[in-house]
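The structure appears below as structure tokens.
Lettering follows sequence order; numbering is per chain, from 1.
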2 protein chains.
Amino acid sequence: MVKPFNQIKPNSEDMTLSQTLTQLKSNLTQIIYKMENENTEQKILNAANEVFQEKGLYGARMQEIADKAGINKALLHYYYRSKEKLFETVFRAAVTLMAPKIRNIISSEEHLFDKIRRFTDEYISFLSNHAFLPAFVINELNKNPKLIQDVFLLEIGDSFQKLRDDVQILANKGEIKPVEVEHVLVNMISMSLFPIIAKPLLKTMFDKSEVDYQQFLNERKKLVADLIIESIKVN
Amino acid sequence: MVKPFNQIKPNSEDMTLSQTLTQLKSNLTQIIYKMENENTEQKILNAANEVFQEKGLYGARMQEIADKAGINKALLHYYYRSKEKLFETVFRAAVTLMAPKIRNIISSEEHLFDKIRRFTDEYISFLSNHAFLPAFVINELNKNPKLIQDVFLLEIGDSFQKLRDDVQILANKGEIKPVEVEHVLVNMISMSLFPIIAKPLLKTMFDKSEVDYQQFLNERKKLVADLIIESIKVN
DNA sequence: ACTTTTGTTGACCATTTGGTTAAATATTAT
DNA sequence: ATAATATTTAACCAAATGGTCAACAAAAGT
């Protein structure tokens, strides 16, 4: 067990300075070791993440992951018993990274219109920097639908009931039309996510450079929100 | 060379009835053989299509394809030299199945609004029955972006220049706002395609049965078109 | 100091995979 | 009928792959 620094008392009578220094050194060594250790596991996860997202479950090679993590393949199996186990860990992490954002925005107490603006803004920003994520998640979910049950229901859950309430209330107040939440939500997610998933396709189709495409995505933040809001607003 | 039936003259003087029958039988045998032959290749393509769409390039196993086609693995390699070759054939076929619809609608001479309505209607209908297609295409395009150059540019090409013209003209006439074609197109494709790609996810999320989800997709045909049109129309 | 636990490695293994080959069978052309 | 050609198969192969093992190294607990 690593002894925290603040528990070391260099002036206590039963310790010489030399002893104190020895202790300190040991302490540091342990901490560094722990850090490198965590590094190993983290490096595995990072490497696995890259490879899985690039190649998918089947295409990924354990050797490639090990190489990318700078470790031995046996050590990979020491940390994660099997490829499937490692994959599931990475996949869950990916979903866990994406889901809370939806959940938080959806279930907050802001005005619905602000939620919509925040969603398109934050979600497009976030996923632009994790471009492989949504394609990865959706693709694997297509191939392995049973993963959804426990992974996604757990993350999203019934949090979007709040959204349903929002719509109900605003509709009663006459601020918005009595729309179906499912369609509004799907419209919003579609227009935000799809251009990221289909990026290589659309980039080619529109003959845009990487920078131009990022700019294109940026424009969409406001554009999509406005489109959605305008389509449900009354007046 | 198979001799068509209508070229067989059973009463011609140089043929006995027996000869005629023998000829006929041979004829039939050949035709049946040809049909079975085409069947073999077609069965391979069908099997490969299923397996590739389900498992992707890496996940697919040649043995599984052979089994599903009811033939030997060596025969598979006899028809298609390698896995990559077979995959490319299947992939091209998939794209070729999807792309012309976009192209035809986009480059037709109808009014823009009708194009939009036709697109959402026909595209959602079509892809509902080929649910794996878009996910397959987009996913493989993500993993193997170089395929786009020759496959997709060839199919879509610059056909959506027509759309740009449409928008220009209607904008000049004051019928629609001066919008950016790219965004309109992406909005339309997003809202049509995404719910099909993310079907397993959304189905779970909204707790819908298969039938309910199909109904949900059906509703979107009109809904999406109206949304798009309403967002660009002036008045 | 010494024992136990944890981390790391290289060599190894069984299985799977894409692909080949040589021989058999069927079809077509002469 | 026969030679040539196309189709089909079983057996085989080399390479790759996920996974294991025994042994070594480092830390932690005592």
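Nucleotide D:dA16 holds its C1' atom 18 Å from the OH atom of A:Tyr58, rounded to whole Å. The NZ-C1' distance, from A:Lys85 to D:dG19, rounds to 16 Å in whole Å. Between the OH atom of B:Tyr78 and the C1' atom of C:dA24 there is a distance of 14 Å, given to the nearest Å. Rounded to an integer number of Å, the gap from A:Leu75 CG to C:dT9 P is 6 Å. In this structure, A:Lys83 atom NZ and D:dG19 atom P are separated by 8 Å, rounded to whole Å. Following rounding to the nearest Å, A:Leu76 (CG) and D:dG18 (P) show an atom-to-atom distance of 10 Å. As a whole-Å value, the separation of A:Gln42 CD from C:dG7 C1' is 17 Å. Whole-Å rounding puts the A:Ile71 CD1 to C:dT8 P distance at 8 Å.
In this structure, B:His77 and A:Ala74 both approach DNA chain C, and ranking their closest nucleotides by distance from the 5' end singles out A:Ala74. Along DNA chain D, the nucleotide nearest to A:Arg61 and the one nearest to A:Arg81 differ in position, and the one closer to the 5' end is contacted by A:Arg61.
Figure legend: cation-pi geometry between A:Lys101 and A:Tyr123 absent, as NZ or CZ is not positioned both under 6.0 Å from the six-membered ring centre and within 45° of its axis.
If you check distances only, the side chain of B:Lys73 does reach the base of C:dG19 with a donor-acceptor pair under 3.5 Å.
Note on B:Ala66: nothing from the nucleic acid sits closer than 4.0 angstrom, heavy atoms only.
Applying the 4.0 Å criterion to OP1 and OP2 of C:dG10, one finds that A:Asn72 has a side-chain N or O inside that range. The side chain of A:Ser82 places no N or O atom within less than 4.0 Å of a non-bridging phosphate oxygen (OP1 or OP2) of D:dG18.
No hydrogens or angles considered: nothing links the side chains of B:Tyr80 and B:Glu88 as a donor-acceptor pair under 3.5 Å. If you check the side chains of A:Lys115 and A:Ser108, you find no donor sitting under 3.5 Å from an acceptor.
In the set C:dG19, D:dT7, D:dT9, D:dT7 carries the atom at the smallest distance from any side-chain atom of B:Tyr79.
Under a 4.0 Å N-O distance rule, the pair A:Lys199/A:Glu210 qualifies as a salt bridge.
Ring to ring, B:Tyr213 and B:Phe206 are not that close: their centroids are 6.0 angstrom or more apart.
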